[in-house]
Trainee: 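One structure follows; several queries about it will come next.
A quick note: this is a predicted structure, and the numbers were derived from the prediction, not measured. To find a chain, count down the sequence lines: A is the first, B the second, and so on, and within it residues start at 1.
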Number of protein chains: 2
Amino acid sequence: MSTIYDVAKAAGVSPKTVSRVLNGDAPVKAETAKIVHAVIAELGYAPSSAARAMRSNKSGLIGLITGAISVDASQPDTTGLPDLFIVQGVQKAMETSGKTLLIADSGGRPDRVPGLMRTFEQHRVEGIIYVADHHRSVSLPPVSAQTRLVLANCYDDTGTPCILPHDRRGQEMLIADLIAKGHRRIAYLTLNAELDATRLRTQGYRDALSAAGISYDPELVIVAGIGTTDQDAEVQILWDAIDRILSLDVPPTVICFGNDQMAMRAYGILRSRGLNLPDDISVTGYDNYRTITQTLYPTLTSVELPYHAMGVRATQLLLRMIDDADDVPVAPVLVSGPVQSGQSVRTMPTPITKLTSIGRMTQ
Amino acid sequence: MSTIYDVAKAAGVSPKTVSRVLNGDAPVKAETAKIVHAVIAELGYAPSSAARAMRSNKSGLIGLITGAISVDASQPDTTGLPDLFIVQGVQKAMETSGKTLLIADSGGRPDRVPGLMRTFEQHRVEGIIYVADHHRSVSLPPVSAQTRLVLANCYDDTGTPCILPHDRRGQEMLIADLIAKGHRRIAYLTLNAELDATRLRTQGYRDALSAAGISYDPELVIVAGIGTTDQDAEVQILWDAIDRILSLDVPPTVICFGNDQMAMRAYGILRSRGLNLPDDISVTGYDNYRTITQTLYPTLTSVELPYHAMGVRATQLLLRMIDDADDVPVAPVLVSGPVQSGQSVRTMPTPITKLTSIGRMTQ
DNA sequence: GAGAGGTATGACATCGGTGTCATGACATCG
DNA sequence: CGATGTCATGACACCGATGTCATACCTCTC
């Protein structure tokens, strides 16, 4: 690769003048600039960012750590897909910043993270984004004082700035939507009870019921995920839970599942019991995993887990923090995703009295 | 961040001695080394790779370009997922190399690629991997002579080294597997006819038939993908194709679909026609998109699209090319994935004569 | 005991940019 | 017409590593 000296010599000027042409930080005669540009094009010269970084002490690099190849048991068959959407969001938001993204994968082994961070420090990254594969708490090694750090899809107990999915509101909006469609008996078959997502979404479920004046019935909420890679066991648990729900004295008109995959399995299970979707029973998922929600028949109502948006937000936050060291948020940034309506939810026939009153109201 | 001079001063030695301790390229008294290490730990010193890169002319960086956020119409709802598995493979294979991965996303716009390549050249990457979202031909801007380039999931007409999925053999193995399970009438509902994958897999389908002495019946092969984002249209095409296949005089015992999503849709369509899987009709997909194949009931037989392995191979190839500039493959590297057997394929009852003969053979 | 060879260390130049300062050629102004 | 200011450009140092060469000390050998 040619250097600025090669360009200078070929153009018959000093290296400094070439530098000025490149950076436009001082006046250069138009004719000189033209010659320099021609030489640059001819030689295919590109200024070395290593040399620039040394002089300016700014690398123009952002580091990103994922645990994508994670073997975390609680999300066995998504195998790290979700966090890749976050990475896409990060890339998208980085595009216009002029920074370049360094990426490293912990392979699901937390003990590797310090090494990756050290590599990033060697490259003098201006900031690091740590992406987790699902909403959870993490504990990271300390970084040098001038390296900014943002957590995406996770949080720690030292108050590091973080971007989290608004699980509570997501489930609340979904339930509110169901209530608006006339459902009153709403079952919720949750993921693994230990997950933050489960705790928060269950809270959101109760928020929505409470806002509509519907009393909470514990019989309608069952943990139906166990966090294992054993597919057969998962199916069994799900089958049992659905059995229990359907044999209640007053069965629900809709079953909400902890994620789209559970809902996808439920399609098969419910149909094998002779139930039609959504006429006999309505179903919802969570995550809006498009491959599932859009491809299933009928299309699945779900809640968007805003991974892409979280990546964008994390990046914007980090770039702001790099720009202004004091601009640090004090609380987690919660990002909501919309309810994605599919055809898996039936709008319940409304009692006459209500119908007429609604009819009047909308006129 | 502290420098090697800070360390040297604090340890009471010269910078060069610190360098020697770090690189172990010359003898250093054990006691001196101990002091230096202590100081390094205390200051949290990490050597600047920018400075190293300048001196050594080796950046230790590898560039990767994806088109992940691609809006390519032929794979509407996977939205760039597959190539992310390739990226995972690349990361995995890079782990032990000591190189660091620079990543950029073209956002599906080819006109951005030259700019991304220039950024990579500024960072003096030692090699570039270009990843496509599906098997196809590409045309990239030229790179500087000493930058190695490897294409993954795509090829060009200038003979750039490339890694491709072995679509032909994949489909062949699948069909051979079906034949081994006693199927003779095998339908194939393909993706969009313009795709390389369709052409190659159709060839593989014919290879397998031919190897088993089964004559090719064109009525059994229908293009059932159109390459649009219109989901309803896709479903309609698929529905029609299945109709045509099932109303043949001698209908097939198994239908192979162009990918797992088509197969997933077919589950619904076939069931709505009162057919049981796999008793009345067997079904296969392609891609082994685990979220689908493992979650569907019954689990779907598919062919692994070896994205992860392709990423690994691409990286290994690139690292070899960086190591030895002459070590360039002359032909595309084809990577096969195994047939992933699910419960969506029925083993056909074998005629008595054959059964006994097989029984004898295996004893 | 002088020279040879090994060990441990430091001085200095260099990689490719850019910040600082200096300089020469003009134009403008009082 | 000399002083001042602007434009255009170049010389030089510096960022943080490391390769080259030099040096001081020690041990071994003839």
Side-chain angles (χ1 to χ4, degrees), chain A residues 1-37 39-40 43-61 98 100 118-119 121-126 144 146, chain B residues 1-37 39-40 43-61 98 100 118-119 121-126 144 146:
Chain A
M1 176 64 73
S2 45
T3 74
I4 201 170
Y5 296 95
D6 301 330
V7 175
K9 190 180 292 183
V13 297
S14 76
K16 182 68 216 190
T17 296
V18 177
S19 172
R20 283 192 264 256
V21 171
L22 285 170
N23 298 290
D25 54 354
V28 174
K29 218 201 291 183
E31 198 192 351
T32 310
K34 208 176 113 191
I35 296 173
V36 169
H37 275 128
V39 171
I40 288 175
L43 295 182
Y45 165 75
S48 152
S49 35
R52 278 187 167 157
M54 256 184 80
R55 197 67 178 75
S56 68
N57 221 15
K58 278 182 191 164
S59 64
L61 296 172
T100 308
R118 240 172 42 88
T119 302
E121 299 222 309
Q122 291 189 0
H123 285 283
R124 301 290 189 270
V125 295
E126 298 173 30
S144 87
Q146 70 270 29
Chain B
M1 176 64 72
S2 46
T3 73
I4 200 169
Y5 296 96
D6 302 330
V7 176
K9 191 180 290 182
V13 297
S14 75
K16 182 68 214 188
T17 296
V18 177
S19 171
R20 283 192 265 256
V21 170
L22 286 170
N23 299 290
D25 54 354
V28 174
K29 220 201 291 183
E31 196 193 351
T32 310
K34 207 176 115 191
I35 297 173
V36 170
H37 275 128
V39 171
I40 287 175
L43 295 183
Y45 164 75
S48 153
S49 34
R52 276 187 167 160
M54 252 183 83
R55 197 68 180 73
S56 68
N57 221 14
K58 279 182 191 165
S59 63
L61 295 173
T100 308
R118 241 171 42 88
T119 302
E121 299 223 310
Q122 292 189 1
H123 285 283
R124 301 292 188 266
V125 296
E126 298 173 28
S144 87
Q146 69 270 30

Trainee: Side-chain contact test, heavy atoms from C-beta onward, threshold under 4.5 Å: evaluate it for B:Val13 versus B:Val21 and give yes or no.
Mentor: no

Trainee: Can you name the side chain to side chain donor-acceptor pair (under 3.5 Å) partners of A:Thr17, sequence neighbours left out?
Mentor: A:Ser14

Trainee: For B:Thr100, give me all partners under side chain to side chain donor-acceptor pair (under 3.5 Å), at least two apart in sequence or on another chain.
Mentor: A:His123

Trainee: Run the side chain to side chain donor-acceptor pair (under 3.5 Å) test against A:Ser19 and tell me which residues pass, sequence neighbours left out.
Mentor: A:Asn23

Trainee: With a cut-off of less than 4.0 Å, is there a side-chain N or O of A:Arg52 near OP1 or OP2 of C:dT18?
Mentor: yes

Trainee: Which whole-number value in Å describes the distance from B:Glu121 CD to C:dG16 C1'?
Mentor: 16 Å

Trainee: In whole Å, what is the span from the NZ atom of B:Lys58 to the P atom of C:dG16?
Mentor: 15 Å

Trainee: Tell me the stems DNA chain C sits in, counting at least three consecutive Watson-Crick or G-U wobble pairs, each under 3.5 Å on both distances.
Mentor: C:1-30 with D:1-30

Trainee: Could you state the CG-P distance from A:Asp25 to C:dT18, rounded to the nearest angstrom?
Mentor: 8 Å

Trainee: Whole angstroms only, please: what is the NE2-P distance between B:His123 and C:dG17?
Mentor: 13 Å

Trainee: Under the side chain to side chain donor-acceptor pair (under 3.5 Å) test, which residues partner B:Glu126, sequence neighbours left out?
Mentor: B:Lys99

Trainee: Restricting to side-chain contact (heavy atoms from CB on, under 4.5 Å), what partner residues turn up for B:Ala51, sequence neighbours left out?
Mentor: A:Met54, B:Ser48

Trainee: What does the list of N/O pairs under 3.5 Å between the protein and nucleotides 7-11 of chain C look like, with a distance for each?
Mentor:
from	atom 1	to	atom 2	distance (Å)
C:dT9	OP1	B:Thr32	OG1	2.6
C:dT9	OP2	B:Lys29	N	2.8
C:dG10	OP1	B:Ser14	N	3.4
C:dG10	OP2	B:Ser14	N	2.9
C:dG10	OP2	B:Ser14	OG	2.8
C:dG10	OP2	B:Thr17	OG1	2.5
C:dG10	N7	B:Arg20	NH2	2.6

Trainee: Between the main-chain N or O of A:Arg52 and the side-chain N or O of A:Arg55, is there a donor-acceptor pair closer than 3.5 Å?
Mentor: no

Trainee: Tabulate protein N/O versus nucleotide N/O from nucleotides 13-15 of chain D, keeping only pairs under 3.5 Å, one per line.
Mentor:
from	atom 1	to	atom 2	distance (Å)
D:dC14	O2	A:Arg55	NE	3.0

Trainee: How many whole angstroms separate atom CG of B:Asn23 from atom P of D:dA17?
Mentor: 11 Å

Trainee: Between C:dG16 atom C1' and A:Asp6 atom CG, what is the distance in whole Å?
Mentor: 10 Å

Trainee: A:Ser19 side chain N/O closer than 4.0 Å to the phosphate oxygens (OP1, OP2) of C:dT18?
Mentor: yes

Trainee: Identify every side-chain donor-acceptor pair in residues 25-36 of chain A under 3.5 Å, counting partners at least two apart or on other chains, and give the distances.
Mentor:
none

Trainee: Please answer whether the main-chain N or O of B:Ala53 pairs with a side-chain N or O of B:Ser59 as donor and acceptor at a distance below 3.5 Å.
Mentor: no

Trainee: Could you pull out all donor-acceptor pairs under 3.5 Å where a side-chain atom in residues 2-9 of chain B meets a protein atom, sequence neighbours excluded?
Mentor:
from	atom 1	to	atom 2	distance (Å)
B:Thr3	OG1	B:Tyr5	N	3.1
B:Thr3	OG1	B:Asp6	N	3.4
B:Asp6	OD2	B:Thr3	N	2.7

Trainee: Distance from B:Ser144 atom OG to B:Arg118 atom CZ, nearest 0.5 Å?
Mentor: 13.0 Å

